[in-house]
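Single-structure report; data block below.
Computation of the quantities below employed the complete heavy-atom set of this structure, encompassing side-chain atoms and omitting hydrogens, waters and symmetry-equivalent molecules. One-based numbering, in listed order, for ligands and for the atoms of each.
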Amino acid sequence: MQNIALITGVTGQDGSYLSEFLLDKGYEVHGIIRRSSVDFRERIAHLEGTPNFHLHYADMSDSMSLVKLVGKVQPTEIYNLAAQSHVQVSFDAPEFTADVDAVGVLRILEAVRTNHLENTCRIYQASTSELYGKVEEVPQNENTPFHPYSPYAVAKLYGFWIVKEYREAYNMYCCSGILFNHESERRGETFVTRKITLAAARIAQGKQECLYLGNLDSLRDWGYAKDYVECMWLILQQEKPEDFVIATGVQHSVREFTELAFRHAGIELKFEGKDLEEKGICVSVTNPENEHLVGKTLVAVSEDFYRPTDVVNLWGDPTKAKAKLGWNPQSTSFEQLVQLMVEHDMAKVAADSVASKVRTNLAEYLEKGLVK
Ligand code: NAP
Ligand code: F7E
């Protein structure tokens, strides 16, 4: 029987890697997209036109679109990755976040029931380490109590419990991956890691003067998104539906991430001061053209990036995933992750500069009548 996957959130970081992973495994992959005024879907553009890859318009806030689509596609596996996934934004748009991240999960489960696919379709729910929030235990495992600490986390808590409820009430194969932060060269540009790697690349190439961040003391367990999508699939291949913590088991601060990212961009930083007065000052550079940066403040703290409540001590215990899924949480180390993100962004910033120079030259040539 052909494996048919339906991915909500296919245009996101994880959706794009999961699509590649499942296509490689021979799946027919269907993804949900929303109407947008911009048609270019950067992360999956290379997959569009691939024979086994299909996109459909639907929305997590529109039950009818989900019921119709699940009926049409008849998936054997659903990966529910769609979400308003930015924690800080969830304080600005809490109702939208609840609609998509909480009720949206219920809509998917009901779409499966309405189409009588309970016995043939397995469902993966993208749960999150944010459920542990104001943590009650360090490190966190599958038995650690939840204490959500943002509108995003509260919405995701509903998603977690409704999945568990449908598993027990209707005997459905549905489960959660409780994933800790995972990053990549495709990470959204306002999440802290990508914001840092892009800024380090821009500062190293003279395109930005200073990077403003919020809480530098915040601790995260950061892994590589490409490694984590494999776990989503493994979770749905188990005999019994179960929830799993997916994490590296290693913890670092935002400050450490920043120091390492700048080092890979050829800039050595020294942090001085406390709280809002803390600054990252350049102490040396590898590229002689950047000598003028030495002594300058390249990283500063801004209150704008503080959250009303912040989760500051996430550290996952992947023991169960290692034992039952046979997954290696260390296949990409923290150091490798930072390096691959910085290398990607150094190349991106350089390419953007060349493209913008070509555009400027072309405009000038057109103005002077040198090209027709
Ligand atoms: P992401 O890059 O922000 O992608 C989110 C996806 O959801 C995008 O495809 C987005 O579509 C889609 N979406 C948002 N609202 C929608 C709606 N109303 N209807 C249909 N689609 C909608 O997120 P990610 O990092 O890949 O994360 C994937 C999932 O894992 C999310 O549920 C997130 O909450 C969860 N998670 C992430 C992490 C992490 O560290 N990355 C950790 C734990 C859990 P557009 O492109 O149209 O905006
Ligand atoms: O923040 C601190 C911030 O926005 C990480 C989502 O994928 O992972 C992600 O949520 C930490 C926080 O990710 C800035 O206060 C400091 O403590 O990169 P983030 P997140 O909030 O952990 C979880 C697991 C998810 O489920 C979510 O979907 O970094 N921080 N300065 C900053 N954060 C941002 N964004 N920007 C700053 O300037």
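Between K274 and E278 there is no salt bridge, since no side-chain N of the basic residue sits under 4.0 Å from a carboxylate O of the acidic one. A salt bridge links K324 to E242: one of the charged nitrogens lies within less than 4.0 Å of a carboxylate oxygen. For the pair R263 and E268, the salt-bridge criterion is met [side-chain N within less than 4.0 Å of a carboxylate O]. Taking 4.0 Å as the cut-off between side-chain N and carboxylate O, E272 and K270 count as a salt-bridged pair. The residues E259 and R255 are annotated as not salt-bridged, no charged nitrogen and carboxylate oxygen being separated by less than 4.0 angstrom. A salt bridge links D243 with R167: the distance from a Lys NZ or Arg NE/NH1/NH2 to an Asp or Glu carboxylate oxygen falls below 4.0 Å. The existence of a salt bridge linking K164 and E142 is excluded, since no basic side-chain nitrogen approaches an acidic carboxylate oxygen closer than 4.0 Å. The pair R107-E110 fails the salt-bridge criterion, with no side-chain N (NZ, NE, NH1 or NH2) lying under 4.0 Å from an Asp/Glu carboxylate O.
Taking the six-membered ring for Trp, H252 and F334 have ring centres closer than 6.0 Å.
With a heavy-atom cut-off of 4.0 Å, L314 does not touch ligand 2 at all. Here K195 has side-chain heavy atoms under 4.0 Å from ligand 2, and that is the only part of it that gets that close.
Nearest to atom 1 (P) of ligand 1 among the protein's heavy atoms is S85 OG, 3.7 Å. The shortest contact between atom 30 (N) of ligand 2 and any protein heavy atom is with V192 CG2, 3.8 Å. Scanning all protein heavy atoms for the shortest distance to atom 27 (O) of ligand 1 gives D14 OD2, 3.7 Å. If you check which protein heavy atom lies closest to atom 31 (C) of ligand 1, you get L81 O, 3.0 Å. Given atom 33 (C) of ligand 1, the protein heavy atom at minimum distance is Y152 OH, 3.6 Å. In terms of protein heavy-atom proximity, atom 14 (C) of ligand 1 is nearest to A83 O, 3.3 Å. Residue, atom and distance of the protein heavy atom nearest to atom 21 (N) of ligand 1 are A82 CB, 3.6 Å. Looking from atom 18 (N) of ligand 1 to the surrounding protein, the closest heavy atom is D59 OD1, 2.9 Å. Taking atom 9 (O) of ligand 1 as the reference point, the nearest protein heavy-atom neighbour is T11 OG1, 2.6 Å.
A cation-pi arrangement is absent between K134 and F146 under the rule of less than 6.0 angstrom and at most 45 degrees off the ring axis. For the pair K322 and W327, the cation does not sit on the ring face, since its NZ or CZ is not both under 6.0 Å from the ring centre and inside 45° of the axis. Taking the centre and axis of the six-membered ring of Y17, the NZ or CZ atom of R186 falls inside the cone set by 45° and 6.0 Å. Annotation: cation-pi geometry not satisfied between R194 and F191 (NZ/CZ under 6.0 angstrom from ring centroid, within 45° of ring axis). Under the 6.0 Å distance and 45° angle rule, R307 does not count as a cation-pi partner of F91.
Listed by number with element, the atoms of ligand 2 under 4.0 Å from a non-hydrogen atom of V254 are 29 (O). Remark: ligand 2 atoms within the under-4.0 Å shell around heavy atoms of T128 are 23 (C), 24 (C), 25 (C), 26 (O). Close approach to R187 involves these atoms of ligand 2, each under 4.0 Å from a residue heavy atom: 6 (C), 7 (O), 8 (O), 9 (C). The contact set between ligand 1 and L179, taken as ligand atoms under 4.0 Å from a residue heavy atom, comprises 42 (C), 43 (C). Proximity to Q13 (heavy-atom distance under 4.0 Å) selects the following atoms of ligand 1: 2 (O), 25 (O), 26 (O), 41 (N). Which parts of ligand 2 touch S129 is read off a 4.0 Å heavy-atom cut-off, strictly below it: atoms 24 (C). With ligand atoms numbered from 1 in the order given, ligand 1 contributes 43 (C), 44 (C) to contacts under 4.0 Å with heavy atoms of S127. Residue V87 has at least one heavy-atom neighbour below 4.0 Å for each of these atoms of ligand 2: 10 (O), 21 (O). Heavy-atom contacts of R187 reach the following atoms of ligand 1: 25 (O), 39 (C), 40 (O), 41 (N) (cutoff under 4.0 Å). Within ligand 2, counting atoms from 1 as listed, the ones closer than 4.0 Å to a heavy atom of S85 are 6 (C), 27 (C), 28 (O). Each of the atoms 29 (C), 30 (O), 32 (O), 35 (C) of ligand 1 lies under 4.0 Å from some heavy atom of A126. Within ligand 1, the atoms closer than 4.0 Å to a non-hydrogen atom of N181 are 40 (O), numbered from 1 in the order shown. Interface of V311 with ligand 2, defined as ligand atoms under 4.0 Å from a residue heavy atom, comprises 17 (O). Here is the list of ligand 1 atoms found below 4.0 Å of a heavy atom in M60: 17 (C), 18 (N), 19 (N), 20 (C).
Interatomic distance, CG of L325 versus NZ of K320, reported as 8.5 Å (0.5 Å rounding).
A heavy-atom separation below 4.0 Å is not found between Y306 and ligand 2. Heavy-atom distances between H86 and ligand 1 stay at or above 4.0 Å for every pair.
Considering backbone and side-chain N/O of T193, none are found under 3.5 Å from N/O of ligand 2. Residue D310 has at least one N or O atom closer than 3.5 Å to an N or O atom of ligand 2. Remark: ligand 1 and T128 share no N or O pair separated by less than 3.5 Å (distance only, no angle test). At under 3.5 Å, a nitrogen or oxygen of G214, whether backbone or side chain, sits near a nitrogen or oxygen of ligand 2. Looking at ligand 2, you won't find any N or O of F191 less than 3.5 Å from one of its N or O atoms. Remark: ligand 1 and F96 share no N or O pair separated by less than 3.5 Å (distance only, no angle test). Where the criterion is an N or O separation shorter than 3.5 Å, residue side chain and backbone included, S61 fails it with respect to ligand 1. Here's the thing with H182: one of its N/O atoms is less than 3.5 angstrom from an N/O atom of ligand 1. Ligand 1 has a nitrogen or oxygen under 3.5 angstrom from a nitrogen or oxygen of G12. Polar contact with ligand 1: present for R34 (N/O pair, distance under 3.5 Å).
Partners of E343 according to the side-chain hydrogen bond (donor to acceptor under 3.5 Å, both in side chains) rule, which considers only residues two or more places apart in sequence or in another chain, are Q339. Partners of K68 by salt bridge (Lys or Arg N to Asp or Glu O under 4.0 Å), not counting sequence neighbours: none found.
Under a hydrophobic clustering in which Ile, Leu, Val, Met, Phe, Trp and Tyr are joined whenever their side-chain heavy atoms come within less than 4.5 Å, directly or via other members, V10 and Y228 fall into the same cluster.
Remark: among candidates S302, S90, S218, the nearest residue to atom 17 (O) of ligand 2 is S218, based on non-hydrogen atoms. Of the candidates R255, Q13, R220, R220 brings a heavy atom nearest to atom 22 (O) of ligand 2. Between the choices L211, N181, D304, V301, the shortest heavy-atom distance to atom 9 (C) of ligand 2 belongs to N181.
Considering every non-hydrogen atom in both Y173 and E239, the closest pair reads CE1-O, 3.6 Å.
Two residues are said to be in side-chain contact when any heavy atoms from C-beta on lie closer than 4.5 Å; E137 and N141 meet this criterion.
N115 places a side-chain N or O within 3.5 Å of a backbone atom of V67 that can act as its donor or acceptor partner.
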Assess whether side-chain hydrogen bond (donor to acceptor under 3.5 Å, both in side chains) is satisfied between T248 and D221, documenting all intermediate values.
CA-CA 6 Å; T248 67; D221 179 328; 2.6 Å; yes
